[in-house]
Colleague: 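If you scroll down you'll find the structure; I have some questions about it.
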Amino acid sequence: MEKLDIYCSRSFLEEWMKLLQAFKEDPFENNDSEVWNKYFKMLKKGRIRIDLTKQELADELRSNRILLGIYKQGTAEIKPAKESFEQLDRGAFDFENVHPSSLFLLNERTASNENTSGRFGVILFPKEEIQDRAKWLFERYTREVGKRENIQEDQPWGFLRKFKRPINSMIIIDPYLFGNINEPPKRVLRRLKYNLTSILEELLPVTELSNPFHLTIFTYYSKREENAMSLKMRRSRLEHYYHEVKSLISSLGRSYPVKLSIVSTNHEDRLHDRHIITNYYWLSIGLGYNLFDKRGPVNYSHITINSIASMEGQSMFEKLKKTMGLISGETKKSLSKESGGNLYIGEKPFQNRLIEAFF
């Protein structure tokens, strides 16, 4: 299981301890605060960067019961990072060169970091919001969608609105997103407009991003398609849908650039379930992202969404990471010679922050 990178101030930890009704002799052994326990489970397995110097941290680890409790009860790595916190205070922190799922749990909100969360697509909040923002880290959501169910939201995927988080990258995995060779392109495009447009409308940030947003779609082409179409024809078909998706994104009116890439593989055994992965949550669905038409859901399906602290370590997610790492690695190797069974359409080099970090 991969550790979360957590930039956490000493003051934030002190505020976290206040969530307990009473400071017991050993709160790390047993207490009745659900939110406190969720933070504790996350912290004790994390890579914690704290606003202390190396010497200050050494002194604290001898006497500070909070840090000692986290350190002794789990597998946490606690490292000094005072300079990083000073950069955060000055608005000079380099967010592009940290893990895209890093968390920033700070002392207080300042003028310099007021808009940082939205601008860089990172979860960053001060100690005063420790309870309000807990759902960003720990919420788990499931939904059963019934065939021809009456959808209450104004958009078919409107229920995703509650999972709008600060993000800067996304991966969509759906083997059949672009249909098959027998389907008329106009029908495929209608489904994309009704479903993919709604998904992106709900999940893409509405604030101005300081860096381009990375979006990668992984899909599948069958042996039948491979036998019936030349490499040139398959590439042309994928390029057609690439430009259609680019057009859908443009129609949303976001003010920042979106770097889109599409990977199509012929390994059906690797891609079966449908997923969306972002910096801070993972969405999985049985039927796929062409679930709705204008009359409602076209079939029954089960949707699960896990926030960042609840998705790591799950067997399906760990298996998914290995699979996507394999496909991504093959794709990068084959870009120059168009071999290895994977087709790639998009800007070069093949780049997505989540792929570099997770896979």
Side-chain angles (χ1 to χ4, degrees), residues 3-91 93 95 98-99 101-118 120 122-140 165-166 279-280 307-310 312:
K3 294 178 181 293
L4 284 175
D5 284 344
I6 306 171
Y7 290 79
C8 185
S9 72
R10 186 179 184 277
S11 180
F12 189 97
L13 292 176
E14 291 169 351
E15 189 70 23
W16 164 60
M17 291 302 291
K18 292 178 185 177
L19 293 175
L20 300 179
Q21 294 294 325
F23 198 90
K24 302 179 181 181
E25 278 300 310
D26 195 350
F28 297 97
E29 286 297 327
N30 184 39
N31 67 74
D32 55 4
S33 173
E34 182 180 359
V35 175
W36 188 95
N37 276 302
K38 287 180 177 179
Y39 273 100
F40 180 45
K41 288 178 182 178
M42 179 183 74
L43 290 166
K44 72 179 182 179
K45 296 177 182 178
R47 259 191 308 262
I48 299 174
R49 306 291 183 261
I50 196 162
D51 56 342
L52 299 172
T53 65
K54 186 176 181 179
Q55 185 57 53
E56 288 170 340
L57 178 58
D59 294 341
E60 291 284 332
L61 284 173
R62 284 193 291 268
S63 59
N64 187 308
R65 64 186 303 184
I66 304 176
L67 288 176
L68 281 170
I70 294 171
Y71 188 70
K72 289 182 177 180
Q73 293 284 330
T75 58
E77 299 174 13
I78 306 178
K79 294 187 176 181
K82 192 160 189 174
E83 184 178 351
S84 295
F85 281 83
E86 290 172 348
Q87 291 170 348
L88 283 166
D89 288 341
R90 299 196 308 270
F93 188 86
F95 288 96
V98 297
H99 194 289
S101 296
S102 296
L103 305 174
F104 297 85
L105 314 179
L106 306 182
N107 178 19
E108 60 184 1
R109 191 177 296 281
T110 64
S112 61
N113 67 39
E114 178 68 32
N115 299 314
T116 298
S117 186
F120 293 98
V122 296
I123 285 185
L124 177 152
F125 57 90
K127 61 184 182 182
E128 291 82 7
E129 298 176 12
I130 191 169
Q131 297 220 55
D132 293 340
R133 296 304 185 192
K135 66 178 183 179
W136 279 13
L137 308 178
F138 310 114
E139 186 174 13
R140 192 171 189 270
R165 306 279 192 267
N279 306 60
Y280 298 111
S307 296
I308 182 65
S310 63
E312 283 290 349

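All values derive from a computational prediction rather than experimental measurement. Numbers here are sequence positions counted from 1.
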Colleague: When you measure from the side chain of Tyr280 to the backbone N and O of Ile123, does any donor-acceptor pair fall under 3.5 Å?
Modeller: yes

Colleague: Minimum heavy-atom separation for Leu61 to Leu68, with atom names?
Modeller: O-CD2, 2.7 Å

Colleague: Counting neighbours of NZ on Lys41 that are heavy atoms of other residues, nucleotides or ligands and sit closer than 6.0 Å, is the number greater than 12?
Modeller: no

Colleague: Could you measure the distance from the OG atom of Ser101 to the CD1 atom of Ile308? Nearest 0.5 Å is fine.
Modeller: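 Output value for this atom pair is 4.0 Å.
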
Colleague: Would you please test Met42 and Leu137 for side chain to side chain contact (heavy atoms under 4.5 Å, CB included) and show each step?
Modeller: CA-CA 9 Å; Met42 179 183 74; Leu137 308 178; 4.0 Å; yes

Colleague: As a quick check of understanding, evaluate side chain to side chain contact (heavy atoms under 4.5 Å, CB included) for Trp36 and Met17, giving each step before the final call.
Modeller: CA-CA 7 Å; Trp36 188 95; Met17 291 302 291; 3.6 Å; yes

Colleague: Are Phe138 and Tyr39 close enough that their ring centers fall under 6.0 Å?
Modeller: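 Close enough - the centres of the two rings lie under 6.0 Å apart.
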
Colleague: Under the criterion side chain to side chain contact (heavy atoms under 4.5 Å, CB included), I'd like the reasoning laid out for Leu4 against Arg47: C-alpha separation, chi angles, the key distance, then a yes or no.
Modeller: CA-CA 6 Å; Leu4 284 175; Arg47 259 191 308 262; over 6 Å; no

Colleague: Once you round to the nearest 0.5 Å, how far does CD of Gln131 lie from CD of Glu15?
Modeller: 9.0 Å

Colleague: Heavy-atom distance under 4.5 Å between the side chains of Leu52 and Lys82, does that happen here?
Modeller: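 Of all side-chain heavy-atom pairs linking Lys82 with Leu52, none is under 4.5 Å.
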
Colleague: Under 30°, 30 to 60°, or over 60°: which ring-plane class applies to Phe104 and Phe95, parallel, tilted or perpendicular?
Modeller: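 It falls in the perpendicular class, over 60°.
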
Colleague: Between atom CD1 of Ile6 and atom NZ of Lys45, what is the distance when rounded to the nearest 0.5 Å?
Modeller: 11.5 Å

Colleague: Hey, are the side chains of Lys127 and Leu106 touching, using non-hydrogen atoms and a 4.5 Å cut-off?
Modeller: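 They are not in contact (no side-chain heavy atoms under 4.5 Å apart), so the answer is no.
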
Colleague: Check whether any side-chain heavy atom of Glu56 sits under 4.5 Å from a side-chain heavy atom of Arg10, and report yes or no.
Modeller: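 No, every pair of side-chain atoms sits at 4.5 Å or beyond.
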
Colleague: Can you find a pair of side-chain heavy atoms, one from Ile50 and one from Leu57, that are under 4.5 Å apart?
Modeller: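 Yes. Closest side-chain heavy atoms under 4.5 Å.
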
Colleague: With ring centroids as reference points, do Trp16 and Phe12 lie under 6.0 angstrom apart?
Modeller: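 Centroid separation for Trp16 and Phe12: 6.0 Å or greater.
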
Colleague: Within this structure, what is the NZ-OG distance for the pair Lys38 and Ser307, rounded to the nearest 0.5 Å?
Modeller: 9.5 Å

Colleague: If you measure from the Lys or Arg side-chain nitrogens to the Asp or Glu carboxylate oxygens, is any gap between Glu128 and Arg133 under 4.0 Å?
Modeller: no

Colleague: Do Phe85 and Ser9 have side chains that approach each other closer than 4.5 Å (heavy atoms only, starting at C-beta)?
Modeller: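 Phe85 reaches Ser9 side chain to side chain.
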
Colleague: Within a strict 4.5 Å, meaning less than it, do heavy atoms of the Leu43 and Leu13 side chains meet?
Modeller: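 Touching, per the 4.5 Å side-chain cut-off.
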
Colleague: Begin with the C-alpha distance, continue with both residues' side-chain angles, and end with the deciding distance and a verdict on side chain to side chain donor-acceptor pair (under 3.5 Å) for Ser11 and Asn107.
Modeller: CA-CA 5 Å; Ser11 180; Asn107 178 19; 2.9 Å; yes

Colleague: Distance from Leu103 atom CG to Phe125 atom CZ, nearest 0.5 Å?
Modeller: 7.5 Å

Colleague: Check Val98, Val122, Leu124 against Tyr7 for a side-chain contact (heavy atoms from CB on, under 4.5 Å) and give me the one that passes.
Modeller: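 So the option named by the test is Val98.
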
Colleague: How far does CZ of Phe40 sit from CG of Asn37, to the nearest 0.5 angstrom?
Modeller: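 Rounded to the nearest 0.5 Å, the CZ-CG separation comes out at 8.0 Å.
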
Colleague: Got a sec: does the CD of Glu83 have more than 12 other heavy atoms crowding it under 6.0 Å?
Modeller: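 At most 12 heavy atoms, drawn from other residues, nucleotides or ligands, come within 6.0 Å of this atom.
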
Colleague: For residues Thr75 and Lys3, determine if any side-chain heavy atom of one lies less than 4.5 Å from a side-chain heavy atom of the other.
Modeller: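 A side-chain contact exists here, since the closest heavy-atom pair is under 4.5 Å.
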
Colleague: Does the side chain of Glu86 come within less than 4.5 Å of Arg90's, by heavy atoms?
Modeller: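 They are in contact (side-chain heavy atoms under 4.5 Å apart), so the answer is yes.
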
